[in-house]
There are 2 protein chains.
Amino acid sequence: MAAAANVIGDRWTLLILREALYGVTRFDAMQAELGVPRTVLSGRLKKLLAEGVLKQRPYRKAGERIRYQYVLTPKGVELALPMIALMEWGDKYCRGGASTADVVERNTGAACHVGLVSDAGAPVSIGAAQFRVKG
Amino acid sequence: MAAAANVIGDRWTLLILREALYGVTRFDAMQAELGVPRTVLSGRLKKLLAEGVLKQRPYRKAGERIRYQYVLTPKGVELALPMIALMEWGDKYCRGGASTADVVERNTGAACHVGLVSDAGAPVSIGAAQFRVKG
DNA sequence: CCGTATCCACAACGATACTG
DNA sequence: CAGTATCGTTGTGGATACGG
């Protein structure tokens with residue numbers, strides 16, 4: 001847990017990871033989207049690479065120089081669950097932001113719940129934490 | 001999401017919230033458990049109170065002066081889901097730490113999964129994110 | 001027990017500007 | 001496009017000490 005806190009425990013990393021989840025993989029795109037200082041973004045990406053949450057993948061458009069994009073590793077992909085839960089929490093308590101539904105649907109192709117589920121398969125919630133993302 | 005990041009986006013807050021989830025509600029207990037500087041703990045608790053994630057509840061032992069303990073509000077309780085998911089992630093990728101199973105069982109009284117679940121009720125995972133906490 | 005007051009060193013931030 | 005270099009300022013961490 002302390003380790004998890006070290007990974008996502010700062011204001012920007014969480015947002016950067018969300019962008020990665022959204023499919024934003026390029027430096028400038030992230031920078032423009034988040035408004036994060038380039039120096040900070042650079043540092044965070046480097047940290048996430050070192051932690052194995054992101055990896056660089058080379059690509060090139062026709063005739064262009066080779067470039068890199070930042071994509072989630074399996075380890076990074078698994079952060080989707082906590083992150084989506086967190087987004088939903090933010091949506092619920094901080095009205096005015098964008099909805100989470102888009103992200104989930106784009107990445108799973110299905111409407112989903114996120115919640116605690118008992119071994120029997122019946123939904124169990126902690127407080128009112130269970131929710132439906134998309135009808 | 002950005003708002004959620006502001007709440008839990010720092011190294012200590014996440015740990016403090018975990019303690020609250022564990023049932024540790026008193027200042028010194030948290031301080032001893034986490035090793036966090038008292039000044040920092042004080043500041044974080046104040047911030048969490050202001051955000052409505054924690055509230056103070058008065059209590060007194062026989063004959064003692066009145067004291068306060070920090071307990072989760074409904075808003076705070078709902079952070080359990082993202083947090084448990086996060087703990088599980090940490091457990092998986094950072095071996096050697098304590099298991100998450102204790103927390104879940106203590107607070108729900110039941111063995112649970114945390115995962116994405118389709119509307120039909122069948123489990124859906126993002127990557128391999130779905131997991132079983134306790135058999 | 002439950003905090004607050006001070007202080008300092010260091011890290012992080014954000015702005016700006018510059019290279020491949 | 002994708003970063004790095006530099007720099008002044010602010011914030012945080014941790015130690016220590018002090019009051020309710």
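Just so it is clear: chains get the letters A, B, ... in the order the sequence lines come, proteins before strands, and each one is counted from 1. Every value quoted in this text rests on a predicted model; they were computed, and no experiment measured them.
In summary, contact between chain B and DNA chain D, defined as any nucleotide atom under 4.0 Å from a heavy atom of the protein, begins and ends at D:dT12 to D:dG20 in the 5' to 3' direction.
Scanning DNA chain D for stems, defined as runs of 3 or more consecutive Watson-Crick or G-U wobble pairs whose donor-acceptor distances all fall under 3.5 Å, gives the following ranges: C:3-20 with D:1-18.
The salt bridge (Lys or Arg N to Asp or Glu O under 4.0 Å) test applied to A:Arg38 returns A:Asp28, not counting sequence neighbours. Every residue meeting the side chain to side chain contact (heavy atoms under 4.5 Å, CB included) condition with A:Thr39, not counting sequence neighbours, appears here in chain and number order: A:Pro37. Taking B:Gln69 as the reference, B:Thr25 meet the side chain to side chain donor-acceptor pair (under 3.5 Å) condition, with sequence neighbours excluded. In this structure A:Ala29 satisfies the side chain to side chain contact (heavy atoms under 4.5 Å, CB included) test together with A:Val24, A:Arg26, sequence neighbours excluded. Residues satisfying the side chain to side chain contact (heavy atoms under 4.5 Å, CB included) test with A:Lys46, not counting sequence neighbours, are A:Ser42. With sequence neighbours excluded, no residue forms a side chain to side chain donor-acceptor pair (under 3.5 Å) with A:Glu51.
Remark: B:Arg26, B:Phe27, B:Asp28, B:Arg38 in residues 25-38 of chain B come within less than 4.0 Å of DNA chain C through at least one heavy atom. A heavy-atom distance below 4.0 Å to DNA chain C is reached by these residues of residues 5-12 of chain A, ordered by number: A:Arg11, A:Trp12.
Formation of a donor-acceptor pair under 3.5 Å by the B:Thr73 side chain with backbone atoms of B:Val53 is found in this model.
With contacts defined as side-chain heavy-atom distances shorter than 4.5 Å, the pair A:Arg18/A:Met83 qualifies. Residues A:Leu81 and B:Glu88 have side chains not in contact (no heavy-atom distance under 4.5 Å, counting atoms from C-beta outward). Side-chain contact between B:Met87 and B:Leu21 is present, with heavy atoms from C-beta onward closer than 4.5 Å.
What separates OH of A:Tyr68 from P of C:dG20 is a distance of 18 Å, to the nearest Å. The CG atom of B:Leu54 sits 12 Å away from the P atom of C:dG3 (whole-angstrom rounding).
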Between protein and nucleotides 9-12 of chain C, what N or O pairs are separated by less than 3.5 Å?
none

Name the atoms and distances for all side-chain donor-acceptor pairs under 3.5 Å in residues 1-11 of chain A, with sequence neighbours left out.
from: A:Asp10; atom 1: OD1; to: A:Trp12; atom 2: N; distance (Å): 3.0
from: A:Asp10; atom 1: OD1; to: A:Arg44; atom 2: NE; distance (Å): 3.1
from: A:Asp10; atom 1: OD1; to: A:Arg44; atom 2: NH2; distance (Å): 3.1
from: A:Asp10; atom 1: OD2; to: A:Thr13; atom 2: OG1; distance (Å): 2.2
from: A:Asp10; atom 1: OD2; to: A:Arg44; atom 2: NE; distance (Å): 3.1

